[in-house]
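Right, one structure below, let's go through it.
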Amino acid sequence: MSTENAAAAAESLNFLEEIIEADLAAGKHTSILTRFPPEPNGYLHIGHATSICLNFGLALKYGGKTNLRFDDTNPVTEDTEYVESIIADVRWLGFEPANILYASDYFEQLYEWAKVLINKGLAYVDFSSAEEIAAMKGTPTEPGRNSPYRDTAPEENLALFEKMKAGEFPDGHCTLRAKIDMASPNMIMRDPLLYRIKKAHHHRTGDAWCIYPMYDWAHGQSDSIEGITHSICTMEFVPHRELYDWCINHLGIFPSKQYEFARRNLSYAVTSKRKLKQLVEENHVRGWDDPRMPTISGYRRRGYTPESIREFCDRIGVGKREMVADMSLLEFCIREDLNKRALRRFAVLDPLKVVITNYPEGQTEWMETENNPENPDAGKRTLAFTRELWIERDDFMENPPPKYFRLSPGNMVRLKSAFIIRCDSVAKDAAGIVTEVHCTYIPESRSGQDTSGLKVQGVIHWLSASEAVPAEVRMYDRLFQVEDPASEEDFKSTLNPNSLRVAENAVVEPALLQVQPGDKFQFTRLGYFCVDPDSMPGKPVFNRTVTLKDAWAKEQKKG
RNA sequence: UGGCCCGUGGUGUAACGGUAGCACAGCAGAUUUUGGUUCUGUUUGUCAGGGUUCGAAUCCUUGCGGGCCAACCA
């Protein structure tokens, strides 16, 4: 294989890149302009993230630009609260829109263009009720019937449409419809509605309008006005493309083109605004930014980085078939990112007291440990070693199974960056629960200057009982117990009852008192954690972003 | 019973008529003062039948399977 072929093979293009490169090569466009067109009626989720990364990513790759345009054509569901969160989420992901625009900016132009269509005899005012229109629409297997208002003369339609705009008719009294083909095999082309009357307050245009354009009338023309070259949307809009082109052709305006890719789903999650809204409103989660939510704001609070989400979107790629990306890939992406960047800290989530019986009371030695073994530049820190320590309850077992490398009676482990200790005895309460583990330490085994010659298999983290400070640690797990909750008859019946467990008695290094919401750490041997905005002075709250891979947990599952 | 879109390992994605590759997951091993990281090896795949061709994942065809379309939502 030649080097050129090797390079070409290494850089295989997805179908959108192929289209763009062909358009650029053919001189159809000198540069590209894409757009991300959310409706401001909810918070952005991971599905939107894939669309954002696609639109902005393609523009970046080919030296083009991307507009953020709000598809705000339905005043009753939309709100500025959502506008603001969407702008913030796009920026947080790391993208800066070339322009922030609104379909409502084009209402006047859209109105003028509607009149152009009416004058051409291509649109008419229909006084049929919603039910009548539905009845005349036909079905996928039978053609529809023409509306009795279909042949009204253009002049009359014009007058009626102006009356609609002037507010002379009540909501739902009539609509403006395109005159296309009631027998089209494409249901979308059976005289689609262009305008409906809604005497509702719009979050941007206020009460200036009482007629609002439908998606099909607003979207393509908005693209055209902005000069969007590649209007990328999801597959459910494929049948709309015929209408998209029809409108642009009959208006004779800039021919934006629509291309469709398959929606990308995530296993163990739901990504429908309706379902997410239900979870919030029925208090299954604490809000749109609950760290268990697959929203951008949820991932942000959970501790995901923008880089990790972009990497995930990149890795799952883009295609035309319905797909479900594996949650484990998202987890891989955040671990990969944080492994390189997060400083290591010791935290004990479920503390068990260890008393080093041969260590003098009141004595403290300072143990040096690295902040990030992946990055020597991250430096080192010191930890206090004292007679009484906390270790993770999981790291001790009175009757351990085979291959248990941690502490157990008669056995030794290394306290990471400190000494090797041996368990001599345990103390229990009346219920038989181990309350203290009594150990002796090996003075010659100090980390970095170990002359003991001992070899131990287990290394565990620890904290000085007198130095450690309390913290709350929220441990999140997948919100749903099944891979595809949306396919269940009742998706909420598959909610994971253990999606949040709170470690109330956790202790952490004293240095962790000086943190800001959003700060990220690896708690050694446990996982990646992020400071939650709920933190109070003296009582930090940490969210578990993701655990470390756990070979021992896997080993145990095998039984 | 109509039209449109789509079928490649468990998941996702390449191969554009010429050796089915990559990533994640899984499994096995090496290294390791994080049972992490890193490294090595490895199981598993072209929906089915027919056709075109020297040669088909790729082109044609039939079937099967999945998705979308009958909102005054987007």
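In what follows, every heavy atom counts, from backbone to side chain, and hydrogens, waters and symmetry copies are set aside. Naming convention: chains lettered A, B, ... in sequence-line order (proteins, then strands); numbering from 1 in each chain. This one's a predicted model, so the numbers in the text were calculated from it and none came from an experiment.
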Per-nt protein contacts along nucleotides 60-69 of chain B (heavy atom under 4.0 Å; B base, S backbone sugar-phosphate only, - none) come out as --------SS

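Here the OG1-CD1 distance, from A/Thr34 to A/Ile52, works out to 11.5 Å after rounding to the nearest 0.5 Å. Taken from CG in A/Asn41 to NZ in A/Lys273, the straight-line distance is 3.5 Å, to the nearest 0.5 Å.
For A/Lys61, the NZ atom sits in a packed shell: over 12 heavy atoms of surrounding residues, nucleotides or ligands are nearer than 6.0 Å. More than 12 heavy-atom neighbours from other residues, nucleotides or ligands sit within 6.0 angstrom of NZ on A/Lys320.
On a pure distance criterion of 3.5 Å, a polar donor-acceptor pair joins the side chain of A/Arg414 and the base of B/U33. A donor-acceptor contact under 3.5 Å is not formed by the side chain of A/Glu242 with the base of B/G3. In terms of polar N and O atoms assigned as donor or acceptor, the side chain of A/Arg406 comes within less than 3.5 Å of the base of B/G35 in a complementary pairing. In terms of polar N and O atoms assigned as donor or acceptor, the side chain of A/Glu374 never comes within less than 3.5 Å of the base of B/U38 in a complementary pairing.
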Quick one: the dot-bracket string of RNA chain B, using Watson-Crick and G-U wobble pairs with both distances under 3.5 Å, [ ] for crossing pairs and | for bases paired to another strand. .((((((..((((....[..)))).(((((.......)))))....(((((..]....))))))))))).....

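Dashed line: the shortest gap from a side-chain N or O of A/Thr73 to OP1 or OP2 of B/A74 is under 4.0 Å.
Comparing B/U1 with B/G63, their P atoms sit 10 Å apart, to the nearest whole Å. Here the separation of B/G17 from B/A57, taken at their C1' atoms, is 11 Å to the nearest Å. Of the C1' atoms belonging to B/U62 and B/A23, the separation is 36 Å, rounded to the nearest Å. Separating the C1' atom of B/U46 from that of B/U37 is a span of 35 Å, rounded to the nearest Å. Atom name P, nucleotides B/C64 and B/C27: the rounded distance is 39 Å, in whole Å. Comparing B/C5 with B/G45, their P atoms are spaced 31 Å from each other, to the whole Å. The C1' atoms of B/U32 and B/U40 are separated by 15 Å, rounded to the nearest whole Å. Using atom C1' as the reference point in both B/G26 and B/U43, the two lie 8 Å apart (nearest Å).
For A/Glu311, the salt bridge (charged side-chain N to carboxylate O under 4.0 Å, His left out) test picks out A/Arg315, with sequence neighbours left out. A/Phe169 is linked by a ring-ring contact (aromatic ring centres under 6.0 Å, His included) to A/Phe127, A/His173, counting only residues two or more places apart in sequence or in another chain. The side-chain hydrogen bond (donor to acceptor under 3.5 Å, both in side chains) test applied to A/Thr382 returns no partner, not counting sequence neighbours. With sequence neighbours left out, A/Tyr106 forms a side-chain hydrogen bond (donor to acceptor under 3.5 Å, both in side chains) with A/Glu226. Partners of A/Asp450 by salt bridge (charged side-chain N to carboxylate O under 4.0 Å, His left out), not counting sequence neighbours, listed by chain and number: A/Arg414. Partners of A/Tyr299 under the ring-ring contact (aromatic ring centres under 6.0 Å, His included) rule, at least two apart in sequence or in another chain, are A/Tyr304. Remark: A/Glu374 engages no residue in a salt bridge (charged side-chain N to carboxylate O under 4.0 Å, His left out) (not counting sequence neighbours).
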Would you tabulate the pairs of protein nitrogen or oxygen atoms and nucleotide nitrogen or oxygen atoms of nucleotides 22-26 of chain B closer than 3.5 angstrom?
from, atom 1, to, atom 2, distance (Å)
B/A23, O2', A/Arg315, NH1, 2.6
B/C24, O2', A/Ser328, OG, 3.4
B/G26, OP1, A/Lys554, NZ, 2.7

Just the table, please: protein N/O against nucleotides 28-31 of chain B N/O, every pair under 3.5 Å.
none

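RNA chain B is contacted by A/Leu193, A/Arg196, A/Lys198 of residues 193-201 of chain A, taking any non-hydrogen atom closer than 4.0 Å.
Between A/Tyr441 and A/Phe419, the ring-plane angle classifies as perpendicular under the 30° and 60° cut-offs.
Side-chain contact, A/Glu39 with A/Thr77: a donor N or O sits under 3.5 Å from an acceptor N or O.
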Run the side-chain hydrogen bond (donor to acceptor under 3.5 Å, both in side chains) test on A/Asp126 and A/Ser128 for me, step by step, so that the C-alpha distance in whole Å, both residues' side-chain angles and the decisive distance to 0.1 Å come before the verdict. CA-CA 6 Å; A/Asp126 195 329; A/Ser128 307; 2.5 Å; yes

